[in-house]
Engineer: 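Can you keep this structure in mind? I'll have questions shortly.
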Protein chains: 2
Amino acid sequence: MPVGELATHLPVSRSAVSQHLKVLKEAGLVAEQAAGTRRIYHLNEAAVLALRDQLDTFWDRALSGFQDLVERPPEAKRKRKGHDRAR
Amino acid sequence: MPVGELATHLPVSRSAVSQHLKVLKEAGLVAEQAAGTRRIYHLNEAAVLALRDQLDTFWDRALSGFQDLVERPPEAKRKRKGHDRAR
DNA sequence: ACTAACGGTTAGTTGATACTAACGAATGGG
DNA sequence: CCCATTCGTTAGTATCAACTAACCGTTAGT
(Lines give C-alpha, C1' and ligand atoms only; values in the text may rest on other atoms or scores of the structure.)
Protein backbone atom coordinates (compact mmCIF):
# COMPACT_ATOMS: atom_id res chain seq x y z
CA MET A 1 0.00 0.00 0.00
CA PRO A 2 1.31 3.44 -0.88
CA VAL A 3 2.33 5.74 1.96
CA GLY A 4 -0.19 8.44 1.21
CA GLU A 5 -3.07 6.04 1.07
CA LEU A 6 -1.96 4.37 4.25
CA ALA A 7 -1.89 7.74 5.93
CA THR A 8 -5.50 8.47 4.96
CA HIS A 9 -6.52 5.57 7.16
CA LEU A 10 -4.55 6.77 10.14
CA PRO A 11 -5.01 9.63 12.59
CA VAL A 12 -1.56 11.06 11.93
CA SER A 13 0.20 12.98 9.20
CA ARG A 14 1.66 11.43 6.10
CA SER A 15 5.07 12.51 7.28
CA ALA A 16 4.68 10.63 10.54
CA VAL A 17 3.66 7.55 8.62
CA SER A 18 6.72 7.89 6.46
CA GLN A 19 8.94 8.07 9.49
CA HIS A 20 7.40 5.02 11.08
CA LEU A 21 7.68 3.07 7.88
CA LYS A 22 11.34 3.89 7.78
CA VAL A 23 11.85 2.37 11.21
CA LEU A 24 9.79 -0.68 10.30
CA LYS A 25 11.76 -1.11 7.10
CA GLU A 26 15.05 -0.94 8.92
CA ALA A 27 13.74 -3.53 11.32
CA GLY A 28 12.83 -5.74 8.40
CA LEU A 29 9.11 -5.81 9.18
CA VAL A 30 8.03 -4.14 5.95
CA ALA A 31 9.40 -4.02 2.43
CA GLU A 32 9.21 -1.23 -0.09
CA GLN A 33 8.80 -1.10 -3.84
CA ALA A 34 9.02 2.02 -5.95
CA ALA A 35 6.24 2.61 -8.47
CA GLY A 36 6.80 5.96 -10.12
CA THR A 37 6.59 8.56 -7.43
CA ARG A 38 4.89 6.07 -5.15
CA ARG A 39 6.44 3.85 -2.58
CA ILE A 40 4.43 0.73 -2.12
CA TYR A 41 4.93 -0.89 1.25
CA HIS A 42 4.29 -4.52 1.99
CA LEU A 43 4.25 -6.32 5.23
CA ASN A 44 7.05 -8.81 5.67
CA GLU A 45 4.82 -11.40 7.20
CA ALA A 46 7.54 -13.88 8.01
CA ALA A 47 9.39 -11.25 10.02
CA VAL A 48 6.28 -10.21 11.92
CA LEU A 49 5.53 -13.77 12.78
CA ALA A 50 9.11 -14.27 13.88
CA LEU A 51 8.77 -11.22 16.10
CA ARG A 52 5.70 -12.68 17.62
CA ASP A 53 7.51 -15.90 18.28
CA GLN A 54 10.31 -14.02 19.97
CA LEU A 55 7.87 -12.19 22.18
CA ASP A 56 6.25 -15.49 22.95
CA THR A 57 9.57 -16.93 23.96
CA PHE A 58 10.28 -13.86 26.02
CA TRP A 59 7.04 -14.34 27.89
CA ASP A 60 7.69 -18.01 28.42
CA ARG A 61 11.03 -17.20 29.94
CA ALA A 62 9.71 -14.32 31.99
CA LEU A 63 6.92 -16.40 33.46
CA SER A 64 9.31 -19.24 34.09
CA GLY A 65 11.71 -16.84 35.75
CA PHE A 66 9.05 -15.35 37.96
CA GLN A 67 8.07 -18.81 39.03
CA ASP A 68 11.61 -19.42 40.18
CA LEU A 69 11.80 -16.12 41.98
CA VAL A 70 8.82 -16.52 44.23
CA GLU A 71 9.70 -20.12 44.97
CA ARG A 72 6.19 -21.34 44.90
CA PRO A 73 5.20 -24.89 44.43
CA PRO A 74 4.71 -25.36 40.71
CA GLU A 75 1.09 -25.31 39.71
CA ALA A 76 -0.32 -27.98 37.52
CA LYS A 77 1.15 -27.32 34.13
CA ARG A 78 -1.14 -25.66 31.72
CA LYS A 79 -0.55 -26.04 28.05
CA ARG A 80 -1.10 -22.94 26.07
CA LYS A 81 -4.35 -23.22 24.26
CA GLY A 82 -4.13 -23.31 20.52
CA HIS A 83 -5.33 -20.34 18.59
CA ASP A 84 -7.09 -20.80 15.32
CA ARG A 85 -7.74 -17.84 13.17
CA ALA A 86 -11.42 -17.24 13.42
CA ARG A 87 -12.21 -16.43 9.89
CA MET B 1 10.04 -10.30 48.23
CA PRO B 2 10.81 -7.06 50.04
CA VAL B 3 11.49 -3.97 47.99
CA GLY B 4 15.03 -3.45 49.24
CA GLU B 5 16.02 -7.01 48.50
CA LEU B 6 14.44 -6.87 45.09
CA ALA B 7 16.45 -3.73 44.38
CA THR B 8 19.73 -5.46 45.21
CA HIS B 9 19.13 -7.72 42.24
CA LEU B 10 18.45 -4.91 39.84
CA PRO B 11 20.65 -2.28 38.20
CA VAL B 12 18.59 0.63 39.52
CA SER B 13 18.01 2.41 42.78
CA ARG B 14 15.66 1.18 45.46
CA SER B 15 13.59 4.29 44.91
CA ALA B 16 13.12 3.45 41.24
CA VAL B 17 12.04 -0.05 42.18
CA SER B 18 9.54 1.36 44.61
CA GLN B 19 8.07 3.57 41.93
CA HIS B 20 7.76 0.76 39.47
CA LEU B 21 6.14 -1.46 42.04
CA LYS B 22 3.58 1.23 42.66
CA VAL B 23 2.62 1.23 38.99
CA LEU B 24 2.51 -2.56 38.90
CA LYS B 25 0.38 -2.62 42.03
CA GLU B 26 -2.07 -0.16 40.61
CA ALA B 27 -2.26 -2.27 37.51
CA GLY B 28 -3.00 -5.29 39.65
CA LEU B 29 0.07 -7.24 38.59
CA VAL B 30 1.62 -7.40 42.04
CA ALA B 31 0.25 -7.47 45.56
CA GLU B 32 1.77 -6.05 48.69
CA GLN B 33 1.82 -7.18 52.32
CA ALA B 34 3.22 -5.17 55.17
CA ALA B 35 5.61 -6.94 57.54
CA GLY B 36 6.91 -4.42 60.03
CA THR B 37 8.73 -1.76 58.12
CA ARG B 38 8.96 -4.09 55.14
CA ARG B 39 6.68 -4.31 52.20
CA ILE B 40 6.60 -7.77 50.78
CA TYR B 41 5.58 -7.87 47.15
CA HIS B 42 4.13 -10.85 45.42
CA LEU B 43 3.41 -11.43 41.83
CA ASN B 44 -0.25 -11.69 40.97
CA GLU B 45 0.24 -14.57 38.65
CA ALA B 46 -3.34 -14.74 37.45
CA ALA B 47 -3.17 -11.11 36.37
CA VAL B 48 0.12 -11.56 34.56
CA LEU B 49 -1.22 -14.55 32.72
CA ALA B 50 -4.33 -12.61 31.84
CA LEU B 51 -2.14 -9.85 30.48
CA ARG B 52 -0.31 -12.34 28.38
CA ASP B 53 -3.58 -13.64 27.04
CA GLN B 54 -4.66 -10.15 26.15
CA LEU B 55 -1.43 -9.52 24.31
CA ASP B 56 -1.92 -12.80 22.57
CA THR B 57 -5.39 -11.78 21.50
CA PHE B 58 -4.03 -8.44 20.37
CA TRP B 59 -1.51 -10.16 18.18
CA ASP B 60 -4.08 -12.52 16.77
CA ARG B 61 -6.22 -9.59 15.78
CA ALA B 62 -3.35 -7.57 14.46
CA LEU B 63 -2.11 -10.40 12.28
CA SER B 64 -5.63 -11.09 11.14
CA GLY B 65 -6.11 -7.42 10.36
CA PHE B 66 -2.89 -7.18 8.43
CA GLN B 67 -3.95 -10.15 6.41
CA ASP B 68 -7.10 -8.32 5.41
CA LEU B 69 -5.24 -5.16 4.58
CA VAL B 70 -2.79 -6.56 2.10
CA GLU B 71 -5.49 -8.65 0.46
CA ARG B 72 -3.29 -11.56 -0.16
CA PRO B 73 -4.53 -15.00 -0.77
CA PRO B 74 -4.68 -16.63 2.66
CA GLU B 75 -1.76 -18.90 3.36
CA ALA B 76 -2.29 -22.33 4.67
CA LYS B 77 -3.36 -21.86 8.25
CA ARG B 78 -0.77 -22.53 10.82
CA LYS B 79 -1.81 -23.48 14.30
CA ARG B 80 0.20 -21.93 17.04
CA LYS B 81 2.52 -24.46 18.42
CA GLY B 82 1.97 -25.46 21.96
CA HIS B 83 4.44 -24.35 24.58
CA ASP B 84 5.33 -26.57 27.44
CA ARG B 85 7.38 -25.23 30.26
CA ALA B 86 10.75 -26.78 29.87
CA ARG B 87 11.49 -27.55 33.44
C1' DA C 1 10.26 23.27 -19.68
C1' DC C 2 6.49 23.40 -16.56
C1' DT C 3 3.45 21.33 -13.32
C1' DA C 4 1.44 18.17 -10.04
C1' DA C 5 1.88 14.32 -7.18
C1' DC C 6 4.52 11.62 -4.10
C1' DG C 7 7.28 10.81 -0.25
C1' DG C 8 11.91 11.08 2.34
C1' DT C 9 14.09 14.17 5.45
C1' DT C 10 14.85 17.84 8.81
C1' DA C 11 13.95 20.94 12.61
C1' DG C 12 11.31 21.89 16.32
C1' DT C 13 7.90 20.74 20.02
C1' DT C 14 5.52 17.96 23.42
C1' DG C 15 4.64 14.42 26.54
C1' DA C 16 5.88 10.09 28.63
C1' DT C 17 9.12 7.27 30.84
C1' DA C 18 12.88 6.14 33.79
C1' DC C 19 16.21 7.56 36.60
C1' DT C 20 18.55 9.69 41.11
C1' DA C 21 18.87 12.04 45.56
C1' DA C 22 16.62 13.57 49.42
C1' DC C 23 12.99 13.79 52.76
C1' DG C 24 10.07 11.98 56.11
C1' DA C 25 6.63 8.55 58.00
C1' DA C 26 6.22 3.94 59.95
C1' DT C 27 8.07 0.06 62.43
C1' DG C 28 10.53 -2.31 65.94
C1' DG C 29 14.48 -3.21 69.03
C1' DG C 30 17.25 -1.71 73.01
C1' DC D 1 12.76 7.78 74.24
C1' DC D 2 16.44 7.02 70.91
C1' DC D 3 18.07 4.81 67.00
C1' DA D 4 18.28 2.00 62.86
C1' DT D 5 15.86 0.11 59.12
C1' DT D 6 12.53 0.22 55.52
C1' DC D 7 10.15 2.31 51.91
C1' DG D 8 6.71 5.65 49.84
C1' DT D 9 6.92 10.10 47.89
C1' DT D 10 8.63 14.30 45.78
C1' DA D 11 11.43 17.22 42.91
C1' DG D 12 14.46 17.49 39.43
C1' DT D 13 16.88 15.67 35.27
C1' DA D 14 17.70 13.22 30.98
C1' DT D 15 16.27 10.57 27.20
C1' DC D 16 13.33 9.20 23.74
C1' DA D 17 9.16 8.43 21.07
C1' DA D 18 5.76 10.62 18.42
C1' DC D 19 4.05 14.35 16.40
C1' DT D 20 3.70 18.53 12.85
C1' DA D 21 5.13 21.76 9.29
C1' DA D 22 8.16 22.73 5.83
C1' DC D 23 11.54 21.74 2.38
C1' DC D 24 13.10 19.50 -1.58
C1' DG D 25 14.33 15.53 -4.69
C1' DT D 26 12.09 12.30 -7.86
C1' DT D 27 8.69 10.85 -11.14
C1' DA D 28 5.57 11.34 -14.83
C1' DG D 29 2.27 13.82 -17.71
C1' DT D 30 1.51 17.74 -20.83
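Residue numbering restarts at 1 for every chain, and letters A, B, ... go by the order of the sequence lines.
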Engineer: Between the base of D:dT20 and the side chain of A:Q19, is one N or O donor paired with an acceptor at under 3.5 angstrom?
Structural biologist: yes
Engineer: Please determine whether any donor N or O and acceptor N or O are separated by less than 3.5 Å between the side chain of A:S18 and the base of C:dT9.
Structural biologist: no
Engineer: From C-beta outward on B:H20, which listed nucleotide comes closest to its side chain: D:dA18, D:dG8, C:dA18?
Structural biologist: C:dA18
Engineer: Pairing check on D:dT30: which nucleotide meets the Watson-Crick or G-U wobble criteria with it, both distances under 3.5 Å?
Structural biologist: C:dA1
Engineer: For the side chain of B:V12, counting heavy atoms from C-beta on, which of C:dT20, D:dT20, C:dG7 is nearest?
Structural biologist: C:dT20
Engineer: Give the rounded distance in Å between these two atoms: CG of B:L24 and C1' of D:dG8.
Structural biologist: 15 Å
Engineer: Are side-chain heavy atoms of A:K22 and A:V30 found at a separation under 4.5 Å?
Structural biologist: no
Engineer: I need the CD-C1' distance between A:E32 and C:dC6, as an integer number of Å.
Structural biologist: 12 Å
Engineer: Side-chain heavy atoms nearer than 4.5 Å, only ILVMFWY residues, links allowed to pass through others: does that put B:V17 and B:V23 together?
Structural biologist: no
Engineer: For A:S15 and D:dT20, is the shortest distance between a side-chain N/O and OP1 or OP2 below 4.0 Å?
Structural biologist: no
Engineer: Taking atom C1' of D:dG8 as reference, at what distance in whole Å does atom CD1 of B:I40 sit?
Structural biologist: 15 Å
Engineer: On the nucleotide D:dT6, are OP1 or OP2 found under 4.0 Å from the side-chain N or O atoms that B:Y41 carries?
Structural biologist: no
Engineer: How many Å lie between CG on B:L21 and P on C:dT17, as a whole number?
Structural biologist: 17 Å
Engineer: In this structure, how many angstroms lie between the P atom of D:dG8 and the CD atom of B:E26, rounded?
Structural biologist: 12 Å
Engineer: Consider only side-chain heavy atoms of I, L, V, M, F, W and Y, link residues closer than 4.5 Å, and tell whether B:I40 and B:L43 are in one cluster.
Structural biologist: no
Engineer: Once you round it to whole Å, what is the distance between P of D:dT5 and CZ of B:R39?
Structural biologist: 18 Å
Engineer: Let's test your reading of the model: under 3.5 Å, does the base of C:dG28 pair with the side chain of B:R38 as donor and acceptor?
Structural biologist: no
Engineer: Rounded to whole Å, please give me the gap between NZ in A:K25 and C1' in C:dG7.
Structural biologist: 11 Å
Engineer: Kindly say whether, by distance alone, the side chain of A:T37 makes a donor-acceptor pair under 3.5 Å with the base of D:dA28?
Structural biologist: no
Engineer: Counting only side-chain nitrogens and oxygens, does A:K22 get under 4.0 Å of the OP1 or OP2 atom of C:dT9?
Structural biologist: yes
Engineer: Measure CZ/A:R14 against C1'/C:dT9 and give the value in whole Å, please.
Structural biologist: 10 Å
Engineer: Using a cut-off of 4.0 Å on non-hydrogen atoms, how would the nucleic acid contact of A:E5 be classed: base, sugar-phosphate, or nothing?
Structural biologist: nothing
Engineer: Atom CZ of B:R52 and atom CG of A:D60: how far apart are they, to the nearest 0.5 Å?
Structural biologist: 4.5 Å
Engineer: Is A:T57 reaching over with its side chain to a backbone N or O of A:D53, donor-acceptor style, under 3.5 angstrom?
Structural biologist: yes
